[in-house]
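Here is the structure we will look at, set down as structure tokens.
Please read these numbers as outputs of a predicted model, since none were measured by experiment. These values consider heavy atoms only, across backbone and side chains, with no hydrogens, waters or symmetry-generated copies. Residue numbers start from 1 in every chain, and the chains themselves are labelled A, B, ... in the order their sequence lines are given, proteins ahead of strands.
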Amino acid sequence: MTSFDAIVIGGGHNGLTAAAALSRGGRKVMVLEAHQKAGGALRGDSFHPGFQANGPAQIVNRLDPDVAKLLALPDNLAGGRDVPTVVLSDRVEPAILESAYGERIRGVSKDEADRFRLLRDTLISQAGILRRFLKRTPPPLKAVGISDLAALGSAGLALLLKGREESRDFLRMLLMNVADIGDEYLTDDRLKALIAFDATLGVQLGPRSPTSLLGLYYRLTGEANGHVGGQFVPEGGVAALGEAFVAGAVKAGVTLRTSAPVARILADRGVVSGVVLESGETFTAPIIVAAIHPKTTFLTLVDAAEIGTGFRRAIGNIRSLGNVARLDLALDVPPSFPGVPQDALTGRLVIGRSMEHVETAFNPSKYGELPADPVMEVMLPSLAQPSLAPSGAATLSALIPFVPYALKEGWEHGRSRLEATALAALERHAPGIGRTVRAARLMAPPDIETAYHMPGGHWHHGELQADQLLVNRPVHAASRFSTPIQGLFLASAGSHPGGGISGLPGLLAARHILAGDRR
Amino acid sequence: MKTHDVVMIGGGHNGLVAACYLQKAGLDVLVLEKNDWVGGAATSRELTPGFLYSNCSYVCSLFRPEIMRDLELPKHGLQVISYEGGAVFTRDGDYLASYRDHDSHRREFARWSKRDAEAYERYARDVTRQCRFIQPLLMRTAPDPFSFKPRDIGELLFLAKRFGDFSAAEMTATLRFWTMSISDFLDEYFETDVVKAYLALSGIIGTALGPMSPGTAYVLLHHYMGEVDGSVGAWGYARGGMGAISRALASSFQAAGGTVRTGADVEKVLTRGGEATGVVLADGEEVRGRTIVSNADVKRTFLKLVEEKDLPERFVHRVRHFKMRGSSGKLNIALDSLPEFPALPEGSTCIRGDMHFTDSVERMERAYDDWKDGRWSADPFVDMMIPTTLDPTMAPPGKHFMSCFVQYCPPKVEGRDWTDADRDAFAETVVSQIAAYSPGFRDRILHMEVRTPREIEAEVGLTEGNIFQGELTFDQLLFNRPLPGYAQYRSPVKGLYICGSSTHPGGGVMGAPGRNAAVEILRDLKLGRQHMSKAHDVI
């Protein structure tokens with residue numbers, strides 16, 4: 001069969017979601033995935049004999065319930081036990097946030113826990129306003145429709161119902177930096193480090209940069225386990241969730257072809273007609289959903305003659321250089337983190353002493369340099385999922401932010417230097433871990449780019465910053481899933497509402513297509 | 001005891017502007033200034049015999065033409081001389097010049113990169129469009145989005161209509177522009193380091209931000225919307241230094257019947273029953289006024305001058321968290337002769353304008369990183385000018401006054417107060433940088449005044465040495481400036497107003513905060529504003 005109602009390019013979780021929704025909407029859909037296995041950035045691999053790693057994501061905190069339902073994701077993968085967040089600093093005792101982003105905190109004074117809760121409640125309340133806009137298609141600015149006005153109105157009303165002071169505070173805080181908010185509400189350096197880390201993870205901003213609070217708002221618009229601030233590891237790891245997305249799409253009637261990289265999107269005089277694979281095979285469809293990086297779509301797959309120079313330039317201007325490196329360690333034995341209670345080891349361990357530590361780690365990345373003293377998010381996946389390592393051994397996965405894609409010194413030497421720096425940081429908190437390392441695999445942003453077909457190695461397919469959100473994501477002329485080419489739609493992290501394992505870009509794009517929206 | 005209609009605390013340029021407008025409305029206004037001279041940070045001081053220093057602010061462009069005309073400042077002696085251009089010196093001995101004339105400017109860019117010269121057309125057009133959108137906002141009181149008063153709703157609708165006049169593409173471009181960093185914005189047009197550095201500098205002056213910080217593209221606009229003699233975007237020297245502006249304002253004020261008292265240091269605002277009734281000076285003298293206006297910054301006003309018990313607790317908390325960290329220093333130098341800059345061709349006019357040595361955005365950002373660590377920049381950004389190349393009145397014949405505005409300087413050095421040794425070490429980083437490009441520079445120095453945030457606070461009263469009376473970040477702009485709910489020049493104390501750069505639209509020698517405050521005061525006093533020109537578009 002070579003003719004479909006819709007072809008989805010890219011078998012990542014957003015592509016699979018879009019495909020499943022279209023299929024359930026009665027369309028005949030095919031997904032084309034370049035890699036041998038679908039799942040995109042949720043795809044794991046065996047990085048050392050006997051040891052399994054997840055993809056770049058190590059935890060789930062914003063999986064949309066409608067997406068989970070659509071793909072019939074099993075309960076033990078669409079949810080799980082909330083795991084804590086442990087902040088490791090130069091203090092002996094860690095700060096441990098439990099339950100929905102710090103409803104309860106161990107290791108800090110009661111007053112500080114209260115202060116954090118006040119900040120948390122304020123942010124969650126404000127994020128609630130923003131969430132309304134994340135789950136809607138951005139409004140068409142010159143032709144705002146009734147439903148858009150209603151959404152705006154109801155958001156405004158929701159804001160006002162909180163009170164005038166709160167409303168004013170919202171407008172004040174919206175584009176603030178996370179460092180100043182930390183100073184306003186908190187006194188404990190570890191908690192300031194945590195919000196600084198969470199706000200800037202995956203974003204090329206430091207905690208002192210204006211608008212950096214948006215990263216924290218974004219995190220708090222996600223729900224997991226039925227509440228905001230939830231975070232869990234699916235049973236079997238994030239890779240198992242990826243496989244469930246694949247299974248769910250197939251079960252919804254989607255045809256899936258792997259090892260099928262697309263070479264060209266066929267379009268003529270502004271109307272799409274199909275795709276050509278690198279193998280030469282051609283498939284036709286009146287609807288093509290590009291669930292890949294918008295830059296790949298428009299700068300590689302689409303003929304330049306089909307899009308205007310202004311649009312092409314705008315796509316080229318999308319800032320999309322990844323800044324997170326991923327480290328996987330195969331360890332002889334599970335590491336010991338003195339001071340961290342056993343039950344907290346299944347959570348995410350954030351290495352960060354203070355807001356200044358995060359800012360200092362950020363600074364060199366602006367110049368193409370490595371952090372000398374990195375902050376990190378560490379997890380021990382095999383503790384909860386023993387199948388990920390041989391018996392008695394263990395895996396450790398870590399995210400290292402502020403690692404520049406374009407490393408000035410070059411990645412040939414850079415990789416080993418960064419690995420050594422990261423191991424030194426781990427050694428400070430888990431003494432002796434260095435001796436137990438059987439194997440290490442570091443993926444710098446260019447490696448993530450290659451492994452997951454993400455230009456720039458940016459897991460959000462483009463910076464999640466104020467100027468690249470909503471009506472400007474990925475660019476103005478393609479911010480509502482439609483593109484200048486009729487029949488070509490976008491459905492990836494690079495489009496609205498952005499990245500993270502939510503499935504919303506795929507779901508919203510599919511709904512947009514099924515509604516026949518032409519605007 | 002006489003009760004004045006208006007008592008103005010502080011004779012800075014905004015205070016003088018407000019005082020003038022209020023006096024011309026028929027009120028009896030008294031300006032109390034602690035120093036022996038007026039002007040605040042717009043002064044000319046003879047700190048060494050024969051030389052006049054514009055020792056704080058140093059260059060003029062943003063001063064509103066409507067105010068100049070309303071207050072007849074040229075009649076009272078103000079003359080602004082536009083300067084031709086400037087230069088950025090590069091480390092390899094070359095330079096990038098800027099020229100007022102558009103074609104010369106383009107040709108100079110093309111000398112570095114043809115692509116950048118072409119991109120400059122697009123850039124200038126796009127930035128101008130943003131300026132046009134924002135400029136009416138400067139001379140209008142910011143709306144309060146949550147007051148539901150008819151005037152605020154009307155103002156919101158005015159803004160919405162302005163925005164609505166844009167095409168969708170223009171709207172989204174504006175939304176992007178307002179939240180981008182100047183560095184990212186420039187990357188979308190230009191490829192050459194020195195070109196980007198030259199254009200980026202307006203995005204950081206006066207801020208506690210680096211060129212890679214979001215929001216600096218907006219700050220660029222702030223510095224773009226000036227004019228000199230109708231020449232948009234031009235910058236110039238006030239003849240006789242920046243003090244000429246303040247002297248002209250004071251002269252206009254006094255000609256209208258107003259009174260200025262110098263050497264009068266206000267210590268406290270007096271209140272009764274929650275209403276302001278006057279002030280008390282440091283020597284104990286009481287001065288009564290029906291309306292009290294403070295030109296001091298918001299922290300000095302509400303944490304020092306007003307009793308805490310007269311203010312709501314939450315208000316005081318917010319004022320304490322208002323960010324006004326100083327980020328700049330200044331070197332004011334008397335020179336025995338004109339310095340040489342061998343990089344420039346013989347007879348170049350660039351020496352009359354603004355000159356810089358930071359030839360890349362990266363260097364500018366690294367200078368900012370030092371500030372974050374609580375140190376002055378090891379490789380400082382310098383905005384260097386020699387006004388005496390165009391204004392002979394500031395130095396003896398053949399000799400010169402050089403003004404160097406420097407970023408960054410921290411308000412405290414690694415958490416502790418500035419010492420004289422710090423100040424001198426800071427000065428040395430600047431002098432050695434200039435000397436690297438100008439042979440014999442050190443030998444030409446006759447006298448030097450070095451100002452760090454410590455001196456700026458002590459002399460001018462600008463808390464933490466922040467020259468804009470408050471940082472220009474989103475949470476402190478427009479309806480958030482200085483505080484949400486208090487962005488219309490009124491304070492929680494009835495009869496007490498604020499009119500300095502802590503208020504909208506912010507800092508720079510503009511006069512707009514002072515004028516806008518006068519508008520609100522006259523509105524509350526139910527007096528007319530026929531003598532105030534409506535704002536007109538500069539661009």
Name the option with the most non-hydrogen atom pairs under 4.5 Å to chain A; the candidates are B:K323, B:Q476, B:H317. B:K323
Examine whether an atom of B:R363 lies under 4.5 Å from a heavy atom of chain A, and if so say whether it belongs to the side chain, the backbone or both; otherwise answer neither. neither
Walk me through it: do A:R208 and B:E471 pass the test salt bridge (charged side-chain N to carboxylate O under 4.0 Å, His left out)? CA-CA 13 Å; A:R208 297 181 77 147; B:E471 296 172 36; over 6 Å; no
Using 4.0 Å as the upper bound for N to carboxylate O, is an ion pair formed by B:D144 and A:R164? no
Pick from A:S167, A:A477, A:S209 with the largest number of heavy-atom pairs that fall under 4.5 Å of chain B: A:S167
With the side chain counted from C-beta on, respond yes when A:P210 and B:L209 share a heavy-atom pair under 4.5 Å apart, and no when they do not. yes
Please flag which part of A:L470 lies under 4.5 Å from any non-hydrogen atom of chain B: side chain, backbone, both or neither. neither
Does atom NZ of A:K408 have more than 12 heavy-atom neighbours from other groups under 6.0 Å away? yes
Which heavy-atom pair separates B:A168 from A:H476 by the least distance, and what is that distance? CB-CE1, 3.6 Å
About how many Å separate CZ of A:R172 and OG1 of B:T473, when rounded to the nearest 0.5 Å? 10.0 Å
Segment of A:L469 engaging chain B (4.5 angstrom heavy-atom cut-off): neither
Mind ranking A:L174, A:D183, A:L171, A:N177 by heavy-atom pairs under 4.5 Å with chain B and telling me who comes out on top? A:L171
OG1 on A:T360 to NZ on B:K372, rounded to 0.5 Å: 8.0 Å
Where does B:R318 contact chain A at under 4.5 Å (heavy atoms): side chain, backbone, both or neither? side chain
Which atoms of A:E356 come close to chain B, meaning under 4.5 Å heavy atom to heavy atom: side chain ones, backbone ones, both, or neither? neither
Using only non-hydrogen atoms and a strict under-4.5 angstrom cutoff, which residues of residues 180-192 of chain B touch chain A? B:M180, B:D184, B:E188
Does the side chain of B:W178 reach to within under 4.5 Å of the side chain of A:L175, using non-hydrogen atoms? no
Please identify, among B:L477, B:D475, B:L483, B:L478, the residue contributing the most non-hydrogen atom pairs under 4.5 Å to chain A. B:D475
Could you tell me if the side chain of A:V471 sits less than 4.5 Å from the side chain of B:M171, heavy atoms only? no
Look at atom CD of B:E313 and say whether more than 12 heavy atoms of other residues, nucleotides or ligands are closer to it than 6.0 Å. no
Closest non-hydrogen atom pair, A:N472 against B:R176: ND2-CG, 3.1 Å
Contact origin within B:F163 toward chain A - heavy atom pairs under 4.5 Å: neither
Applying a criterion of heavy atom separation less than 4.5 Å, what residues of residues 211-223 of chain B form contacts with chain A? B:M212, B:S213, B:P214
Do you know which of A:Q468, A:E369, A:Q465 has the most heavy-atom pairs with chain B at a distance under 4.5 angstrom? A:E369
